[in-house]
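The sequence lines fix the lettering, A, B, ..., with proteins before strands; numbering per chain opens at 1. Computed over heavy atoms, backbone and side chain alike; hydrogens, waters and symmetry mates excluded.
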Protein chains: 2
Amino acid sequence: MPYDPSAFPPFAVTVDLVVLTVRRHALCALAVRRGEPPYQGRWALPGGFVRGDEDLSTAAARELAEETGLHAHDPAGPLLPNAAHLEQLATYGDPKRDPRMRVVSVAHLALAPDLPAPRAGGDARSVRWAPVEDLLDQEVGYAREDEQAAPLAFDHARILADGVERARSKIEYSSLATAFCPQEFTVGELRRVYEAVWGVALDPRNFHRKVTGTPGFLVPTGGTTTRQGGRPAQLFRAGGATLLNPPMLRPEA
Amino acid sequence: MPYDPSAFPPFAVTVDLVVLTVRRHALCALAVRRGEPPYQGRWALPGGFVRGDEDLSTAAARELAEETGLHAHDPAGPLLPNAAHLEQLATYGDPKRDPRMRVVSVAHLALAPDLPAPRAGGDARSVRWAPVEDLLDQEVGYAREDEQAAPLAFDHARILADGVERARSKIEYSSLATAFCPQEFTVGELRRVYEAVWGVALDPRNFHRKVTGTPGFLVPTGGTTTRQGGRPAQLFRAGGATLLNPPMLRPEA
DNA sequence: GATCATAGTCGTCTGCTTGACGATAAACAG
DNA sequence: CTGTTTATCGTCAAGCAGACGACTATGATC
């Protein structure tokens with residue numbers, strides 16, 4: 001069969017971002033308020049069209065920088081202060097997911113340390129960090145005028161749920177939890193990341209033994225800090241290891 | 001900003017399939033020979049355009065059925081004899097990955113039991129099962145006229161490598177290895193699946209203890225078989241469990 | 001400055017899982 | 001009948017995880 005441009009239907013391709021961070025002991029996601037129909041006024045995940053000459057990962061990194069000022073972490077490059085982990089999550093292409101036209105969205109997952117404040121992009125849209133529980137529990141019982149309580153636009157609740165599940169399982173067997181921490185952090189801060197992402201309490205003593213005993217996970221910087229109160233804690237940086245063997249174990253049930 | 005259809009460039013969207021099976025103790029993938037340029041005569045992964053009214057998973061299931069006669073396994077539906085596991089793998093959208101036009105490909109991963117013989121689809125293209133080692137090791141040293149030894153078309157070697165890596169890691173912590181087995185199988189047959197996918201030898205005694213001791217992994221059917229030679233082995237069906245806890249451990253290095 | 005609260009760090013003990021491997025069982029081939 | 005093959009059960013030691021006691025070093029409070 002010869003090449004026939006009319007043999008395939010045209011699609012719009014977008015990237016949507018699930019940007020996660022840990023704030024005040026809660027897992028939070030970045031949400032932007034939509035300024036135009038459909039779903040005008042509702043909250044949605046940040047995202048945008050892929051340009052004609054752009055790779056998917058490039059488009060995702062560009063959107064991330066526009067929305068947050070963060071840049072994607074290059075594993076080969078130097079350690080930079082404002083770097084976030086960025087990876088492809090999944091692609092969503094239900095024919096009816098956007099009422100305007102056929103849109104295929106390649107969702108990406110970004111993990112960032114706690115940022116001072118969300119920074120609006122070039123335009124003046126509202127941007128906020130919201131606990132993922134709040135964003136996901138709004139599917140039912142939305143009746144009031146409260147715009148904060150409306151479900152996410154499009155299929156973004158599903159995308160967010162998939163991203164959260166990916167993050168929850170990936171910190172089990174990789175060192176990705178350090179992506180939620182500043183460059184230097186304590187064992188206790190890392191433990192609070194696990195507790196926030198998994199929504200469980202972990203034994204500080206066993207956690208300390210586990211992470212300090214896993215080769216390549218943490219490297220001590222020599223410094224200490226007392227910013228959490230209590231006895232000063234050693235500061236660490238993320239080690240070179242990306243896969244944890246044996247993995248961290250998420251408590252049952 | 002108002003809705004402007006000219007604000008985004010049009011893309012073609014395809015699905016490509018990494019179909020894996022275990023044949024003669026080797027992990028094999030389905031390859032089709034391209035009948036048209038570019039890469040005419042070269043081997044490629046099966047795939048095709050997503051139709052205008054089709055979901056991505058629907059398009060992948062349709063292509064799978066066209067190429068192999070297998071249908072995607074519905075987790076909620078009944079156990080069917082010719083069902084394969086099908087899941088989304090990743091999406092590839094480098095602007096130059098197809099020289100003709102801008103194509104975004106949503107790759108899917110299918111795991112199937114050993115089939116009698118590859119069945120060509122509606123047209124008469126060549127289709128074959130090839131060991132993944134052969135397909136992936138052909139990136140270098142291709143000089144002869146031997147078309148069997150040419151590297152895969154487009155970025156399909158990369159896609160295949162990603163699919164193989166997904167399968168290798170996923171059988172660690174899920175019961176997916178049973179997707180490579182017929183409906184009823186023995187512990188030894190399941191072990192040979194693990195050995196083929198991981199490329200290692202496993203201790204039959206420890207493997208037997210592990211899989212029979214994991215609740216929900218295997219359900220005895222009561223029957224036995226002697227098709228492997230030696231003492232008759234119990235037959236099992238896949239149990240309801242999808243996540244294995246604790247996981248199967250892949251031997252080191 | 002004594003006391004308390006808070007957080008971090010080190011140890012101990014017990015039970016479970018794993019890996020190595022011996023032993024037995026049930027089929028078939030010669 | 002004997003050897004070969006595959007399946008299955010058991011034993012043992014090493015290692016890891018969960019429960020939890022004990023001690024340390026800060027700041028806060030009286």
query: Would you say a side-chain N or O of A/H208 is under 4.0 Å from OP1 or OP2 of C/dT9?
result: yes
- prompt: Mind checking whether A/C28 and A/V22 have side chains closer than 4.5 Å, heavy atoms only?
  reply: no
- request: Provide the start and end nucleotides, 5' to 3', of the part of DNA chain D that has atoms under 4.0 Å from heavy atoms of chain A.
  value: D/dA17 to D/dT26
message: Let me spell it out: for each of B/L249 and A/R192, pick the nucleotide of DNA chain C with the closest heavy atom. Which residue's pick is nearer the 5' end?
response: A/R192
query: Counting any heavy atom closer than 4.0 Å, what does B/R227 reach on the DNA or RNA strands: base, sugar-phosphate only, or nothing?
result: nothing
task: Report yes if the side chains of A/L27 and A/P131 come closer than 4.5 Å at any heavy-atom pair, otherwise no.
output: no
message: With salt bridge (charged side-chain N to carboxylate O under 4.0 Å, His left out) as the rule and sequence neighbours excluded, what pairs involving residues 213-231 of chain B come up?
response: B/E189-B/R227
With A/A107 via side chain to side chain contact (heavy atoms under 4.5 Å, CB included) - residues at least two apart: A/L89, A/Y92, A/I159
field: Pair A/F185 + A/F236: ring centers closer than 6.0 Å
entry: no
Can you pull every protein N or O that's under 3.5 Å from an N or O on nucleotides 12-17 of chain C?
| from | atom 1 | to | atom 2 | distance (Å) |
| --- | --- | --- | --- | --- |
| C/dT12 | O4 | A/R209 | NH1 | 3.4 |

message: Any heavy-atom pair between the side chains of B/H156 and B/D16 that's under 4.5 Å?
response: yes
task: List in chain and number order the residues that pass salt bridge (Lys or Arg N to Asp or Glu O under 4.0 Å) with A/R168, two or more places apart in sequence or in another chain; answer none if no residue qualifies.
output: A/E133
field: Of A/Y194, A/W198, A/F217, the residue whose pairing with A/F207 passes ring-ring contact (aromatic ring centres under 6.0 Å, His included)
entry: A/Y194
Identify all pairs in which a protein N or O lies below 3.5 Å from an N or O of nucleotides 24-30 of chain C, and state each distance.
| from | atom 1 | to | atom 2 | distance (Å) |
| --- | --- | --- | --- | --- |
| C/dA25 | O4' | B/R231 | NH1 | 3.4 |
| C/dA25 | N3 | B/R231 | NH1 | 3.4 |

